[in-house]
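Structure first, then comments.
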Protein chains: 2
Amino acid sequence: MVFKKRRVKLEDIARKLNISIATVSRALDKNPRVKKSTQEKVFKTAEEMGYMPNQIAKSLSSGKTNIIGVLIPRYDEPFFIEVCRGIDQYARNHNYKILISSSRNSYQFEKENLISFEKGLVDGIILSPTHETENVAHLNDLTSKGMPMVLFDNIREEVSGADHVMIDDIKSSFNAVEFLIKKGRKKIAFIGGIKQKKVFQDRFTGYKSALNKYKIPFHEELVLHCNSLDREFEDREILDFFKHLTTSPDAVFTCTDNYGLLAMKTLLKTEKKIPEEVAVIGFGDLGLGEVFVPTLTCVSQPSFEMGQKAAELLIKQLNEPEDILHKKTVVKLETKLTQREST
Amino acid sequence: MVFKKRRVKLEDIARKLNISIATVSRALDKNPRVKKSTQEKVFKTAEEMGYMPNQIAKSLSSGKTNIIGVLIPRYDEPFFIEVCRGIDQYARNHNYKILISSSRNSYQFEKENLISFEKGLVDGIILSPTHETENVAHLNDLTSKGMPMVLFDNIREEVSGADHVMIDDIKSSFNAVEFLIKKGRKKIAFIGGIKQKKVFQDRFTGYKSALNKYKIPFHEELVLHCNSLDREFEDREILDFFKHLTTSPDAVFTCTDNYGLLAMKTLLKTEKKIPEEVAVIGFGDLGLGEVFVPTLTCVSQPSFEMGQKAAELLIKQLNEPEDILHKKTVVKLETKLTQREST
DNA sequence: TATAATAATACAAACGTTTGTATTATTATT
DNA sequence: AATAATAATACAAACGTTTGTATTATTATA
């Protein structure tokens with residue numbers, strides 16, 4: 001066959017059966033306004049002719065696309081992928097698809113992506129703002145135009161029209177550090193991420209407040225805020241950090257799994273025994289921790305559930321009547337400490 | 001503001017300026033049929049009124065959505081994510097967005113996803129069929145209906161209307177095994193994946209033909225085809241495999257990075273020295289290899305480029321005239337062996 | 001058997017664009 | 001100043017659905 005087939009449409013079925021398009025449409029919807037025998041004829045003919053509804057036309061007519069836009073800062077971060085899986089699962093079960101875009105850690109790209117979402121392709125948006133995002137006017141604008149939105153991970157409290165899904169970062173990191181302290185560790189290093197991200201700020205706060213509670217002096221020297229966005233440079237930052245330490249820590253608390261692994265790797269190179277001499281705890285628990293020897297104790301973050309919850313909140317918004325103002329919901333999910341060989 | 005704003009449309013601009021919708025539409029397109037001064041008025045008013053074009057209406061009218069559907073077997077496989085990144089990058093630069101779905105390794109879900117793509121939401125499809133996919137009629141059906149399609153990874157040669165992007169798995173694994181042989185290794189174990197996937201079959205073929213070329217006897221005992229789809233069970237399979245070996249291998253060639261790591265982990269537990277006693281090579285090279293101690297030598301697969309190439313081929317198809325039959329293109333990308341500490 | 005009630009279907013507008021053709025306004029040509 | 005050429009714009013159909021209202025066909029009621 002050389003020519004591409006013209007798609008079969010309702011009109012074709014209608015013409016073939018000598019009935020109106022409206023009746024065909026309603027028949028396929030099993031609308032009781034059309035009688036059983038007609039419905040059956042329509043279904044049979046639609047099948048025979050290979051009818052496939054046109055989603056675009058449906059969307060235009062109904063004003064709904066049943067697509068959720070998801071905007072993450074990067075693809076190559078298992079955490080975000082895991083959240084997307086959670087979103088996808090919940091969305092799929094509720095007849096929504098997801099359209100994932102990456103802002104590539106850029107405020108500019110974030111805005112561009114949101115504009116493209118705004119063009120009516122998506123019914124609502126789930127996003128994790130980039131660390132570059134200082135001004136959140138573009139988000140507030142969008143919600144005030146009536147675009148349902150849910151923020152997760154790097155949430156911004158100033159965004160008033162969107163729901164928030166997060167974990168209690170302060171508490172989680174407090175617990176992890178407290179755990180180390182209770183194991184008798186006193187010189188606990190902290191390796192965090194980009195300072196502009198609220199999650200990393202909070203994890204740092206939790207670290208400090210645990211030290212504080214147990215009257216353990218805080219040493220600026222034991223703290224590293226990784227600023228690299230690129231995997232390659234993280235390596236080097238962490239290597240340098242340990243190389244320049246004047247006192248050797250007896251524990252390291254890191255804000256991601258990957259930092260935890262890199263820390264262990266560096267420590268092992270300097271012949272440190274893990275966990276005897278140095279205990280290490282990572283954050284996230286997305287599979288990496290179990291691969292390494294020794295396995296890495298982690299704060300287990302419910303990433304998948306985070307996605308599910310975000311999708312749930314968004315779909316709830318989508319079902320709210322259009323004429324009422326949305327009331328912001330904030331959901332905090334629980335983390336737990338998964339103990340492995342590194343502690 | 002309590003009520004959601006009604007979206008501004010071309011008609012609103014037209015009414016405000018007392019001109020026709022068509023002129024507004026053309027003005028915004030910078031169509032020379034409308035004079036400069038009118039164009040400027042229209043742009044200004046559109047800006048003032050906060051006009052945002054409706055993508056759905058555009059799509060219905062133009063018959064194009066500028067969306068590429070991507071169907072992968074699973075999200076939690078860095079290889080697929082990396083391919084998606086490649087697709088996304090190329091697509092974005094050519095004014096396409098991507099809609100990613102997962103078939104969750106199920107033939108049934110694969111079909112369902114394709115049906116949903118067929119409903120007109122996407123202009124073309126890039127997919128990696130699941131290992132469960134025996135009958136490819138659904139793929140041939142779709143291409144013969146005129147849906148542009150590109151297959152990657154687990155390609156199926158029977159699909160005649162789609163382009164293929166792949167690596168030379170036979171050659172790549174042959175080279176890796178030959179490398180081990182040239183290093184003097186004689187008892188080389190093979191750890192492959194699901195037997196139904198062509199990539200794994202080919203990598204096994206390459207392994208055997210390297211042994212054959214160098215007259216090294218093939219031992220069934222040294223071969224494992226991992227059948228687990230779940231990360232947790234892979235662990236166990238590989239553990240069992242090594243436990244039950246009667247002769248100890250002096251090298252292991254594995255078909256994924258993860259198998260390579262698991263193999264190393266298991267070997268280290270039995271006090272084997274890597275690479276002195278056992279050399280290990282993985283396949284893929286998606287970051288994991290560099291984290292572990294020792295670092296893992298890998299066949300580096302150009303995943304990102306694979307995605308780019310797939311997107312390039314698809315977009316080329318999309319630009320072909322509708323009335324000619326597409327001629328199948330097959331692209332084979334080069335791999336290279338990245339040497340690290342494990343060999 | 002005429003009329004009312006209801007079932008079944010048809011008609012037509014709407015969703016927001018694009019685009020071919022028709023029309024009107026402007027400028028150039030004589 | 002009348003006409004031709006062209007520039008600028010308006011009109012209307014099309015994309016494939018959905019859905020409110022109008023119409024016709026069927027059955028029930030008297």
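A quick note: this is a predicted structure, and the numbers were derived from the prediction, not measured. Below, read A as the first sequence line, B as the second, and so on, with proteins coming before strands; counting in each chain starts at 1.
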* Asked: DNA chain C in dot-bracket, Watson-Crick or G-U pairs under 3.5 Å, [ ] crossing, | other strand?
  -> ||||||||||||||||||||||||||||||
* Asked: Is the shortest side-chain N/O distance from Ser25(B) to OP1 or OP2 of dT17(C) below 4.0 Å?
  ->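 Indeed not, no polar side-chain atom of Ser25(B) lies that close.
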With sequence neighbours excluded, tell me which residues meet salt bridge (charged side-chain N to carboxylate O under 4.0 Å, His left out) with [X].
X	value
Arg33(A)	none
Lys316(A)	none
Arg26(B)	none
Asp29(A)	none

* In chain order, what residues pass the side chain to side chain contact (heavy atoms under 4.5 Å, CB included) check against Asp141(A), with sequence neighbours excluded? ->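 Checked Asp141(A) against side chain to side chain contact (heavy atoms under 4.5 Å, CB included); zero matches.
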* With sequence neighbours excluded, residues passing side chain to side chain contact (heavy atoms under 4.5 Å, CB included) with Asn113(A) ->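 Here the qualifying residues are Leu71(A), Ser101(A), Phe109(A).
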* Just grab all the side-chain hydrogen bond (donor to acceptor under 3.5 Å, both in side chains) pairs involving residues 35-46 of chain B, residues at least two apart or on different chains. =>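 Checked against side-chain hydrogen bond (donor to acceptor under 3.5 Å, both in side chains) - neighbours excluded - the pairs reaching residues 35-46 of chain B are Lys44(B)-Glu48(B).
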* Considering all heavy atoms, the nearest Gly124(A)-Leu314(A) contact ->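 That closest heavy-atom pairing would be C-CD2, 3.8 Å.
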* Grab the CG-C1' distance between Asn31(B) and dA7(D) for me, whole Å please. =>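 The answer, rounded to whole Å, is 13 Å.
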* Asked: Can you tell me how far C1' of dT18(C) sits from CG of Leu28(B), to the nearest Å?
  ->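 The distance from CG of Leu28(B) to C1' of dT18(C) comes to 12 Å, rounded to the nearest Å.
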Restricting to nitrogen or oxygen on both sides, can you table the protein-nucleotides 9-12 of chain D pairs closer than 3.5 Å?
from	atom 1	to	atom 2	distance (Å)
dT9(D)	OP1	Thr38(B)	OG1	2.6
dT9(D)	OP2	Lys35(B)	N	3.1
dT9(D)	OP2	Thr38(B)	OG1	3.2
dT9(D)	O4	Arg33(B)	NH2	2.9
dA10(D)	OP2	Ser20(B)	N	2.6
dA10(D)	OP2	Ser20(B)	OG	3.0
dA10(D)	OP2	Thr23(B)	OG1	3.0
dA10(D)	N6	Arg26(B)	NH1	3.4
dA10(D)	N6	Arg33(B)	NH2	2.9

* Asked: Do Asp12(A) and Arg6(A) have side chains that get closer than 4.5 Å, going by heavy atoms?
  ->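 Result yes, sub-4.5 Å side-chain heavy-atom pair found.
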* What are the residues of residues 10-17 of chain A, sorted by number, that bring a heavy atom to within less than 4.0 Å of DNA chain C? ->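 DNA chain C contact set from residues 10-17 of chain A: none.
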* For DNA chain C, determine which residues of residues 52-64 of chain A have any heavy atom closer than 4.0 angstrom to one of its atoms, and list them numerically. =>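 Leu60(A), Ser61(A) - these, ordered by number, are the residues of the stretch whose heavy atoms sit under 4.0 Å from the strand.
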Taking atom types as modelled, find out whether [X] and [Y] have a side-chain donor-acceptor pair closer than 3.5 angstrom.
X	Y	result
Thr133(B)	Thr130(B)	yes
Gln317(B)	Asp163(B)	yes
Asn154(A)	Ser128(A)	no

* Which pairs, with at least one residue in residues 132-162 of chain A and sequence neighbours excluded, count as a ring pair (Phe, Tyr, Trp, His ring centres under 6.0 Å)? ->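 Qualifying pairs, neighbours excluded: Tyr107(A)-His138(A).
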